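Here the structure is laid out as structure tokens; the discussion comes afterwards.
All of these numbers come straight from a predicted model, not from anything done at the bench. Reckoned from all heavy atoms, side chains included, excluding hydrogens, waters and symmetry mates. So that the names make sense, note that chain A is the first sequence line, chain B the second, and so on, each numbered from 1.
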Amino acid sequence: MSEVIGNHIIHKYLRHNKKFPHVLCPGCGHGIALGALIRSVHCLGLEKDDVVIVAGIGCSGRLAVYVDFNTVHTTHGRALTFATGIKMAKPHLKVICLMGDGDALSIGGNHLIHAARRNIGITALVLNNNIYGMTGGQCSPTTPHGSFSMTSPYGQLEKGFDVAELARAAGANFVARGTSFHAQQLDKLLIQALQHPGFSMVEVVSPCHTQYGRKNKFKGAVDMYKWLKKSATPVERYAELDETGQKDRFPIGVFVDNDAPGLEEQYYALKEKMRGRKS
Amino acid sequence: MAKEKGNSKVTIYPDWCKGCGICVAFCPAKVIELDGQGKARVVREEDCIHCGFCELHCPDFAIVVTEIERCPK
Amino acid sequence: MAAGRKKKRKELFALGNEAVVEGALLAGCSFYGGYPITPSSEIMEVMAQRLPKNDNGVFLQMEDEIASMGAVIGASLAGCKAMTATSGPGFSLMQEHLGYACMVEAPLVLVNVMRGGPSTGLPTSPAQGDVQQARWGTHGDHSMIVLSASNVQECLEMTITAFNMAEKYRTPVVLLLDEITAHTREKITIPREDEYEVFNRVVPTMPPEWYKPFEETVRGVPPMPPIGSGYRFHVTGLTHDPNGFPTSRPEEVADLMERMFRKIDQFLPQVSLYEEYLCADADVCVVAYGSVARSAEYAVEQARERGVKAGLLKLKTLFPYPRAATEKVMGHARALVVPEMNMGQISREVKRVNNGRATVRALNRVDGQIITPSEILKAIMQV
Amino acid sequence: MKQGVNLERFEIRLSGLGGQGIITLGRVLGAGLALGHGYQVTQTQSYGPEARGGSSRCDLVVSSGKISYPKAQSLDLLVALSQEACNAYYSFLKPGGILVLETDLVRQPPTNLYLGLPFTEMAASKVGIVQAMNTIVLGAISYLLPFVEQRIMRSSLQSALPAKIRDVNTKAFNLGHREAKREFGEQPEIWKGKPEEREGSDI
């Protein structure tokens, strides 16, 4: 790509009858992630009619309404279940799930691991801001140990999930992690994810200053992006670091890259086979 | 990606800008500043190297960077 | 064979649960998503055999009942006639998504084979304890169509009806069976193609840019395109305006709520299904549904033999409650007997309609046993 | 399909141990009566843990007309293939109803008025597989019930089975029918005066 595909392209995918700017807070990483998603759909030359965005509840869930695809804003935690029904019924559609960390890992944790196990052809974006933003800053299953939130006012005692590791363990075909600070890399990760058969998951570490940063010694949204710049480390380099080097960093990049056929592919192949037997 | 200085035009839509300051903080050429109302404003457009960071990282899709169209000599 | 002679009807010796599948497939069901639970599992098992063989059939076992309803709604939005089946505990888990389906007006059929409760209760025993839950189980105010079946042939017929109503009114339809109806084997007749009606979803025919997904229509039911057919719009469980976008403007909220009630309520005569048996001159009328209606029919015959003018009003639609039918029998019956395998979930509807005119005698049993004809006969003789 | 005998309401209970094939027996008998003979039939059965271990039960109600109440409550025929089942269900037999026993497994019949055959032993020694026991019972019942035509029930059985086991089950069916004819006496004698007299018993 010689030219940056930027916001003039994105504007073509936004719903012009919706009120902008969107409802999210200043500096929220979710807008950047949505931008990356739109750019990757554009790069792949997908038709708007063939793209379905299925969103859960929370800040991430609010994104769906702004984009001019087929959009379904579902219930809390269950986006993957609706997406599964849509994908099985219409396998030619590109089905993309937009979920937050509380959405995908707490109330929807069961659906995430089963979608991965089933290897259904859905691309899941987990926008991880380590907090319940929409409901006012309660701790989430990815809130790091020791962090503060409305419901862990004395410091979180529980450990947070490693989202990528969880998806890997559950059998996802493609697992990657990016951040809102590394937007260009995010484009590439999403393009790979969208091209993969079966279940692909991209975790996007996306800062929430309003609900998380303020309570955890970040001076402003910019401060959080600086933290991302400092601590997000390419997975290859991260692996070479010793324990102390890894301590305040987290790996980004591609963790799993398999090509097993998706469930819908196998199911329709089975149907074909049975039809052959019938005639 | 980066290009010669002086060839880029940076447009900011103030209506959409929420003043988060990401573009200001990370612009390598210090092209953008926050104005008195807390919104991003282009102050040194001639220094822009067209890296695209501000455009890609504006959470509100409020910045567009384009090449300056010049009449052929 | 003489020309014009009709093809012989196919007969089966089938379970109620199996008859549900036959009905669903006749109605055009092309998606089943579910989770096993006694006593509904045979529906799922037979679907697993049949749907993959159908041209467009999809069968999916989901990770739980919540996911099942999610997948069913997703498939419905994608254009399928979709269904699931469950029993008590699973039905409770499906309630949130049942409300979502009401809100986004996704047609689907949910079969709940009622078993003893509350909680895990009596998994292999019959009950009728989910009647009011079917009506009011999901949160928020909403209209709901709830049907029932009392024998195996009716399982087939009411499943077709459930699909037709779901598609016609763009709404989820709950079909309540009880363990006895679901697990009784009987001879059923598969109707010939010209003997049953299938209603298919109304799709928009205007250019996509003119389409408003939740716009007012004469019937109150907006046309519904499958996802991916060129009509891009937003679907949300949030209260939405005619374009599908979230709104909290009181007039838009009121319009939506009013339309969603009216689209069903204005067709009450078509939606209210019931059968009258010896009702015309009845002094004592039994109001019953599900397998209990069979006991009641037997009891009514016995009562007639003993000189009591008894009749049976068998409800096939439970909600919207068939008010007109109940009022009609109350015109001459001095007493109503309402036997149910619960503590009185339909008898309260009967009492509400009755408003003190006739004697209403609730006959309740919640020990996991069917109400026997002799119990009902006794109540008829007593009132 | 013509119905040979007009039936008011005839109730059958098949009972025994889990694993004896009681439910299959009931389904085949029910299908034969409903689809082959054209009667109305309702068939219900025990479910759940009860059906998996221990006792097993399958009820049929047969009638020429519509059946309202689907459950059996006053039995015209009780088939008990275990002592436990016999003890549990004998009291449901209506006066004049017939009791059929597995004579090796029901050592203490509650009455002297019963018909019996060592079905399990017959399956093992004469058919060669114990699992065919339920089909022998079906053959015997087909002889016993005055409204069942042997030919129709046999073809109904055959259509319900996969080709692989069709022959052996046909053999078992014929064996049951033959032995019942020899041991149980002439059919009309068994039911003499009975079905008609038994009406009006309290439900």
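In A/K229, the NZ atom is not crowded: 12 or fewer heavy atoms of neighbouring residues, nucleotides or ligands sit closer than 6.0 Å. At most 12 non-hydrogen atoms from other residues, nucleotides or ligands lie less than 6.0 angstrom from CD of B/Q37. In A/R237, the CZ atom is not crowded: 12 or fewer heavy atoms of neighbouring residues, nucleotides or ligands sit closer than 6.0 Å. The number of heavy atoms from other shown groups lying within 6.0 Å of NZ (A/K230) does not exceed 12. Within a 6.0 Å sphere centred on NZ of B/K30, other residues, nucleotides and ligands contribute more than 12 heavy atoms. Remark: A/F161 CZ is loosely packed, at most 12 non-hydrogen atoms of other residues, nucleotides or ligands lying under 6.0 Å away.
Heavy-atom distances place the side chain of A/H11, and not its backbone, under 4.5 Å from chain B. Using a 4.5 Å cut-off between heavy atoms, A/L14 contacts chain B through its side chain alone, with no backbone atom that close. Interface residue A/K226: backbone and side-chain heavy atoms are both found under 4.5 Å from chain B.
The CD atom of B/E55 sits 9.5 Å away from the CD1 atom of A/I9 when rounded to the nearest 0.5 Å. The CG atom of A/D187 sits 6.5 Å away from atom CG of B/L56, with the distance rounded to the nearest 0.5 Å.
The shortest non-hydrogen separation linking B/P59 to A/C28 is CB-O, 3.2 Å. Across every non-hydrogen atom of B/I63 and A/N7, the tightest pair is O-ND2, 2.6 Å. Between B/K18 and A/H22, the shortest heavy-atom distance links the atoms NZ-O, 2.8 Å. Considering all non-hydrogen atoms of both residues, B/A25 and A/V222 come closest at CB-CG1, 3.3 Å. Of all heavy-atom pairs between B/C20 and A/P26, the closest is CB-C, 3.6 Å.
Side-chain contact between B/F26 and A/F181 is present, with at least one heavy-atom pair separated by less than 4.5 Å.
Options A/G27, A/G29, A/A221 differ in how many heavy-atom pairs under 4.5 Å they form with chain B, and the most are formed by A/G27.
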